[in-house]
Amino acid sequence: MSGLNPRQLEAVRYTDGPLLVLAGAGSGKTRVITQKIAHLIGQKGIAPRHICAVTFTNKAAREMRERVGQQLTDVKTRGLTISTFHTLGLNILRREPERVGLRQGFSLLDAQDSEALIKEHLRHAQDADAISPPALQHRISRWKNDFIDPTQALSQAEDDFEARLAALYADYERSLKAYNAVDFDDLILTPAQVFRTQPDLLQHWRDRIRYLLVDEYQDTNSAQYELVRHLAGPEGAFTVVGDDDQSIYAWRGARPENLIRLKDDYPTLKVIMLEQNYRSTARILGLANTLIANNPHVFKKRLWSEHGPGEKPRVIQCKDETHEAETVASEILHLKYAENMPFGDMAILYRGNHQARQFEKVLREYNIPYFLSGGTSFFARTEIKDVMAYLRLLANPEDDAAFLRIVNTPRREIGPTTLERLAEYARTTETSLLAACETAGLNAHLGERQRDRLGAFVRLTDTHRQSVTADPAGGLRNLVDAIGYAGWLRENASSQAVADRRFENVTDLIGWLGKLHKGDFQNKRLADMVNHLTLMDVLDRQDEESGGDRVHLMTLHAAKGLEFPQVFLVGMEEELLPHRTSIEEDSIEEERRLAYVGITRARKTLTFTLTRRRKRYGEWIPSEPSRFLNELPKDALDWGDRTPDDSAVERKARGLSHLHMMKGLLSDD
DNA sequence: TCCAGTACTATTTTT
DNA sequence: TAGTACTGGA
């Protein structure tokens with residue numbers, strides 16, 4: 001436990017009751033959690049299987065697992081649970097699905113699947129165009145996070161429109177039920193609900209989890225709070241770590257007030273503040289403190305650092321967004337070639353994804369390698385969704401959504417008309433689509449050829465269900481072969497190379513399935529593996545790519561939890577940061593926290609940029625400096641002594657000379 | 001079934 | 001404006 005400061009040490013050792021650790025940015029919170037796990041096992045003698053640490057992202061869970069692994073041997077950590085909220089929820093559900101209103105083999109729909117389902121319902125609704133699918137999805141998600149079921153939503157509706165939304169929510173829930181499926185929100189909601197009504201199930205999990213640790217507690221929503229409260233029990237054997245100043249997900253249902261609520265629910269709650277920052281220079285930290293002091297606080301904290309003052313953070317004013325991108329690019333070249341900094345130490349942070357475009361363009365022109373986070377994830381790719389749908393249908397024959405996705409993929413000459421009639425028939429007989437395919441009653445609705453094709457599809461699933469269950473990886477490989485999936489990809493791709501790439505993704509998926517089966521899931525059902533794959537965002541691939549020496553481009557939201565020696569915080573303008581809609585909705589406190597998160601990502605240098613005009617929807621709009629810049633003391637920032645235009649010319653020249661230098665370096669090889 | 005032209009939409013996003 | 005999602009015609 002060496003290398004911990006007194007406060008951290010106190011947080012690690014305190015196990016007498018509920019503990020809230022308010023960990024400022026860069027104060028070593030992950031270290032506290034991992035050390036605490038080691039302490040609980042090593043000093044307190046708590047068996048690893050009784051300890052559970054919960055995070056929000058797979059990445060955070062992976063990192064925590066690695067760091068615990070550095071401190072304890074595999075043997076000592078056997079049985080320890082480190083997982084995301086959603087994986088924990090999934091494990092609770094799958095233990096006894098029948099108890100929670102599901103059947104064995106239930107499917108898990110990801111955000112995309114559930115949006116597709118919502119779209120489908122909207123298609124049949126009147127005045128469907130008044131409601132956008134993502135908005136409805138968001139609405140349903142909020143309802144679920146707040147424990148509001150369709151009936152309650154309907155009774156609370158204040159107008160017709162609300163009532164229609166509630167009705168669609170009811171339709172959606174009915175479909176999920178019929179499909180024997182849950183969505184991501186259900187993974188939290190359902191366990192929390194079940195724990196309310198079924199004490200014996202709760203008792204089982206309380207016996208299992210005797211000590212609970214929660215990371216990024218300020219991001220919990222009501223359902224997650226409830227889940228934690230149930231698991232922790234009245235005596236509250238838990239440590240939660242969070243930072244109210246880094247709460248930037250309220251729009252997604254996060255309730256930062258859960259930090260305060262904890263004090264009411266657990267009067268004996270102990271609060272420890274971690275205020276020593278190990279990341280940034282004093283000047284950067286000073287800015288962060290000054291800025292965030294403009295927000296109201298229940299817990300007052302002030303970060304300090306033993307690092308030197310460092311360089312004065314700069315503000316660079318640019319003409320427009322193109323100029324802004326060029327300025328940052330030449331600054332980057334300067335850092336790289338004049339000051340010998342690796343590209344990988346630099347990050348460009350912005351409020352909205354659309355801002356990335358200009359930067360990408362210019363970085364490409366300047367030949368600066370970059371990594372853009374926030375692309376389409378592996379599991380959003382069509383080929384992966386297809387294969388996953390096959391697996392889902394094998395595991396859960398009632399999953400109509402999966403059926404519809406693959407019944408004609410690759411092409412089996414089963415067209416929309418056939419499917420419509422099948423669906424109609426299945427609706428009247430209240431069976432799943434797959435089951436309906438082979439019932440005699442279908443004769444009245446479909447011709448012989450159509451029935452034959454559907455029958456062939458059913459036999460295909462039957463045959464492979466058995467082989468995939470026995471040997472997931474091998475069975476899936478056979479299935480992919482049998483349906484001629486590689487050929488189908490080739491037909492549909494623009495080039496052989498693209499088709500190959502896609503098929504390689506499928507091969508990777510097969511590999512993971514095999515790994516999962518050999519590892520933790522040896523005796524588990526196919527459905528369990530499929531659901532786990534759905535939750536696992538396989539970012540390893542992305543991490544590899546982000547590895548090299550590249551400049552990082554990402555949104556402020558995506559930057560939380562990361563740090564970079566050199567940070568460019570761009571677009572420091574009114575209507576961008578704070579964002580326009582936040583100004584209108586009067587929610588600039590969260591925007592201020594967003595700016596705070598951005599500033600506290602920087603270790604050594606921090607550069608703000610802003611423009612004097614920006615193109616919005618095709619029109620040039622003059623821009624105002626962000627109020628957040630005005631909240632910072634003038635003399636704490638280097639606003640540049642040159643006029644913007646002079647510096648522009650000069651920087652461009654500087655950038656170009658570096659460009660030549662780089663080309664020179666390359667041709668020497 | 002595919003492509004081209006049209007209509008739509010512009011905050012943040014993980015699970 | 002510009003990038004994308006969808007629709008309808010060939």
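Protein chains get the first letters and strands the later ones, always in sequence-line order, with residue 1 at the start of each.
Between Lys59(A) and Glu63(A), no side-chain nitrogen of the basic residue sits less than 4.0 Å from a carboxylate oxygen of the acidic one, so the salt-bridge criterion is not met.
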Item to check | Worked verdict on His138(A) versus Trp251(A) for ring pair (Phe, Tyr, Trp, His ring centres under 6.0 Å) | outcome: CA-CA 10 Å; His138(A) 187 244; Trp251(A) 55 274; 7.2 Å; no
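With rounding to whole Å, Leu108(A) atom CG is found 16 Å from dT14(B) atom P.
The phosphate of dT11(B) (OP1 or OP2) has no side-chain N or O of Asn353(A) nearer than 4.0 angstrom. In this model, the phosphate group of dT11(B) is not approached by any side-chain N or O of Ser582(A) to a distance below 4.0 Å at OP1 or OP2. Residue Asn531(A) places none of its side-chain N or O atoms closer than 4.0 Å to OP1 or OP2 of dT15(B).
Each of dT12(B), dT15(B), dT11(B) was ranked by its minimum atom distance to the side chain of Trp251(A); first place goes to dT12(B).
Considering only residues two or more places apart in sequence or on other chains, Asp185(A) meets the side chain to side chain contact (heavy atoms under 4.5 Å, CB included) condition with Ser141(A), Lys144(A), Asn145(A), Asp183(A).
Looking at heavy-atom distances under 4.0 Å, Thr84(A) makes contact with sugar-phosphate atoms alone, never a base. Here Lys560(A) lies out of heavy-atom contact (under 4.0 Å) with every strand. Residue Phe56(A) is classed as a sugar-phosphate contact, given heavy-atom separations below 4.0 Å to backbone atoms only. Within the 4.0 angstrom heavy-atom criterion, only backbone atoms of the sugar-phosphate kind lie near Arg357(A); the bases stay farther away.
In this structure, Glu573(A) contributes its side chain and Thr611(A) its backbone to a donor-acceptor pair below 3.5 Å. With hydrogens and angles disregarded, a donor-acceptor distance shorter than 3.5 Å links the side chain of Thr190(A) to the backbone of Asp186(A).
The aromatic ring of Tyr249(A) is not stacked on the base of dT12(B), since the criterion of ring centres less than 5.5 Å apart with planes inclined by under 30° is not met.
The closest side-chain donor-acceptor pair between Thr581(A) and His579(A) falls under 3.5 angstrom.
Read 5' to 3', the first and last nucleotides of DNA chain C with an atom closer than 4.0 Å to a heavy atom of chain A are dT1(C) to dC6(C).
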Distances for protein N/O vs nucleotides 1-4 of chain B N/O pairs under 3.5 angstrom?
from   : atom 1 : to        : atom 2 : distance (Å)
dT1(B) : OP1    : Arg411(A) : NE     : 3.2
dT1(B) : OP1    : Arg411(A) : NH1    : 3.0

